[in-house]
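Report on the structure given below.
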Amino acid sequence: MGISEAWYKIRKAAAADPIPCFIFAAVLSGIALGFVIRTQQPSAYTVYLVSVPGELMIRSLEGLVLPLIVFSVMSAIITCLQSGQADGSGGGLGIGWRALCYYTFTTCVSVAIGVTLTLLIHPGDPLAKPPSFSSGESMEIADLNSGGSLDVLLDVMRNLIPNNIIGATMWQDKTQITQENTTSWDPETNTTTVTVAENRSIRRIQGANILGLIFYAGLIALALRRMPDTGRILEKIIFGLNELIMNILYLFMWFVPFGVCSLVASTIMEVQDLTRTAKMMGSYTITVLIGLTLQFQLYIILYSIICRRNPVRFFFKQARANMIAFGTSSTAAALPANMQCAIENNKINKKVAKFMLPIGAAINCDGIPVYEAVATMFVAQMNEDTGMVLNVPMIINIVLTVLAASIGAANVTNTGLVTMVIVFKSVGLPLEAIGWLFTFDWLLDRCRTVLTMSGDAYGAAIVSKLCNLPDEEDEDSSVDSDVMLALRGNLSQSVQLNTMDLKAIEELKI
């Protein structure tokens, strides 16, 4: 397939799901609208009115966060367990378990890369942020956690195992420290001694306990695997509810362009120093791109060491799939091409490719942890003037939430937007910053998609080598039917993609 045919598939995918194109147009419209209104020196009330559609968009996403994260995490864990038991070949560990080990390792490394880079580069600047980015919730959490790192770590542990599942949907537990001064007088020395005692108590603050919900969702998914008959029925119900939430989310996505335009415009209107803010956002974008590049280097190193082949040649043989991934920003749309390139061009064992690539498109998204870790740390750094302290326990909280959100929402439409809402709510960051970050997401999202597709392809080659399976020999045109059979089998049974992704697959048949 040449460039012209790849471009044709990109246009077909854009026609099947035009929302990313509308969001990009909304970003440009919001920038233009913000600069035009800014010249008129708008009042605070005008800025507020312009931001209302963005506020409504955030509210709609907030309403879906709880059911989305619960059913997505349960579906992802069930899919992982099913894939781990689906194949027992290759010695002690089969294809499924090796694939899960590979995805887990690369995802953890991607989070570590994002956190480390943000701490080293420090793109967040409190003096360059818009006033609306200061969150009362973040200041309250910072005040409650003023006792030190150990208190924050204990809060993470308490929230990870909540004592009330229903209550976890409404509040979090935070340590509150009060100081009590005790005055004593010594008559012999005629001196007065003041003793300061710290009293710790657990206070419930408003906001969903995302970590606790993820913990119980995972626990339920693990328990269902111990129920051979009833568990399979409940798993189908969970997959169905997850698909229902995905379709509701897809309907809400049609309103996202209006909300993004509103948030971008209102943010530009209230920024005081545009030059300083532009430099800060440029530093943030560069940090994300460096993180994605380092993650790609990880794939190259692993492939070179284990497979002992040229990783650059491997990448260029996947060029057609990467072009479609960059143009459509959809792993589902690029999946058929990714499978064909892996089998026909790079000669990856067909059994491994048909198993790993569809599973990877659903539960693996290595670009998201890098992006979410950088975005969360970036906004937290902008709120350092309000008392937000990035100590070790707070970073651990961010890492755990990013890992769970990236796995649970790997196959969600516009994953970056949805997972940011989940992580920001868990950490206590202002959701208003999402619209500003989304200004550059149209580019970063495409880079993340290419990284994810490349990681899945490299992973299939690595697992095939570890399993000592032979390379695929040249086949005839029957490969196409095998590819589509794998898509219909693994994706429709093990993975619950949303309606848009299934439509994209049908539109992009090889």
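Residue numbers run from 1 in the order of the sequence given.
No side-chain heavy atom of Pro430 sits under 4.5 Å from any side-chain heavy atom of Phe424. Glu55 places none of its side-chain heavy atoms less than 4.5 Å from the side chain of Leu263. Between Cys467 and Val463 there is a side-chain heavy-atom pair separated by less than 4.5 Å. Between Thr277 and Thr267 the shortest side-chain heavy-atom distance does not fall below 4.5 Å. Residues Ile343 and Ile348 form no side-chain contact, since every pair of their non-hydrogen atoms from C-beta on lies 4.5 Å or further apart. Contact check for Tyr458 versus Met453: no side-chain heavy atoms found under the 4.5 Å cut-off. Leu294 places a side-chain heavy atom less than 4.5 Å from the side chain of Leu117. Annotation: side chain of Ser110 is in contact with side chain of Gln295 (closest heavy-atom distance under 4.5 Å).
Ser60 places a side-chain N or O within donor-acceptor distance of the main-chain N or O of Met57, the cut-off being under 3.5 Å. Side chain of Thr104 to backbone of Leu100: a donor-acceptor contact under 3.5 angstrom is found. Panel note: side chain Asn242, backbone Ser75; no donor-acceptor pair is recorded below 3.5 Å. Asn310 contributes a side-chain N or O that, together with a main-chain N or O of Val312, makes up a donor-acceptor pair within less than 3.5 Å. Here the side chain of Ser262 pairs no donor or acceptor atom with the backbone of Phe258 at under 3.5 angstrom. In this structure, the side chain of Asp125 does not engage the main chain of Met280 through any donor-acceptor pair within 3.5 Å. When atom types are taken as modelled, the side chain of Gln381 and the backbone of Thr118 share a donor-acceptor pair closer than 3.5 angstrom. Under a 3.5 Å cut-off, the side chain of Thr107 and the backbone N or O of Tyr103 do form a donor-acceptor pair. With Arg448 contributing its side chain and Gly367 its backbone, the two residues share no donor-acceptor pair below 3.5 Å.
Under the 30°/60° scheme for interplanar angles, the aromatic rings of Phe314 and Tyr303 are found to be tilted. Between Tyr371 and Tyr284, the two ring planes are tilted [angle within 30° to 60°]. Between Phe296 and Phe315, the ring planes lie perpendicular to each other; the angle is over 60°, past the 30° to 60° tilted range.
Applying the side chain to side chain contact (heavy atoms under 4.5 Å, CB included) rule to Ile286 yields the partners Ile290; only residues at least two apart in sequence or on another chain are considered. Residues passing the side chain to side chain donor-acceptor pair (under 3.5 Å) test with Thr106, sequence neighbours excluded: Asp366.
Atom CZ of Arg225 sits about 7.5 Å away from atom CD1 of Ile78, to the nearest 0.5 Å. Note that CG of Leu466 and CD1 of Ile306 are 5.0 Å apart. Values are rounded to the nearest 0.5 Å. We find the CG-CG distance between Leu451 and Asp456 to be 9.5 Å, quoted to the nearest 0.5 Å. With values rounded to the nearest 0.5 angstrom, Ile113 atom CD1 is found 13.0 Å from Thr287 atom OG1. Here Gln340 contributes atom CD and Asn346 contributes atom CG; the two are 12.0 Å apart, rounded to the nearest 0.5 Å. Atom CD1 of Ile238 and atom CE of Met74 lie 4.5 Å apart (nearest 0.5 Å).
Here the closest heavy-atom approach between residue Arg320 and residue Cys341 is recorded as NH2-SG, 3.7 Å. Listed here is the closest heavy atom pair of Ala217 and Val70: CB-O, 3.8 Å. In terms of heavy atoms, Lys465 sits closest to Cys307 at CB-SG, 3.9 Å. Pairing each heavy atom of Val111 with each of Pro369, the nearest pair is CG2-CB, 3.4 Å. Annotation for Ala375 and Met420: closest pair CB-SD, 4.2 Å, computed over non-hydrogen atoms. Of all non-hydrogen atoms in Gly212 and Pro162, the two that sit nearest each other are CA-CD, 3.7 Å.
By the neighbour-count criterion of 12 heavy atoms within 6.0 Å, atom CZ of Arg276 is densely surrounded, having more than that number from other residues, nucleotides or ligands. A 6.0 Å sphere centred on OH of Tyr216 holds more than 12 heavy atoms belonging to other residues, nucleotides or ligands. In this structure, Phe316 places its CZ atom where only 12 or fewer heavy-atom neighbours from other residues, nucleotides or ligands lie under 6.0 Å away.
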task = Starting from the C-alpha separation in whole Å, work towards a yes-or-no answer on side chain to side chain donor-acceptor pair (under 3.5 Å) for Gln318 and Asn338.
result = CA-CA 7 Å; Gln318 297 287 132; Asn338 199 33; 2.7 Å; yes
request  = For the pair Leu292 and Val450, evaluate side-chain contact (heavy atoms from CB on, under 4.5 Å) and give the outcome as yes or no after the intermediate values.
outcome  = CA-CA 10 Å; Leu292 297 178; Val450 173; over 6 Å; no
task = With side-chain contact (heavy atoms from CB on, under 4.5 Å) as the test, would you mind laying out the steps for Cys261 and Val27 before giving the verdict?
result = CA-CA 6 Å; Cys261 178; Val27 170; over 6 Å; no
message = Test side-chain contact (heavy atoms from CB on, under 4.5 Å) on Val379 and Leu437; report intermediate values, then the result.
response = CA-CA 9 Å; Val379 177; Leu437 297 178; 3.9 Å; yes
request  = Could you walk me through whether Leu160 and Met157 pass the side-chain contact (heavy atoms from CB on, under 4.5 Å) test, one step at a time?
outcome  = CA-CA 5 Å; Leu160 190 61; Met157 297 172 61; 5.6 Å; no
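For Phe71 and Phe239, the distance between ring centers is not under 6.0 angstrom.
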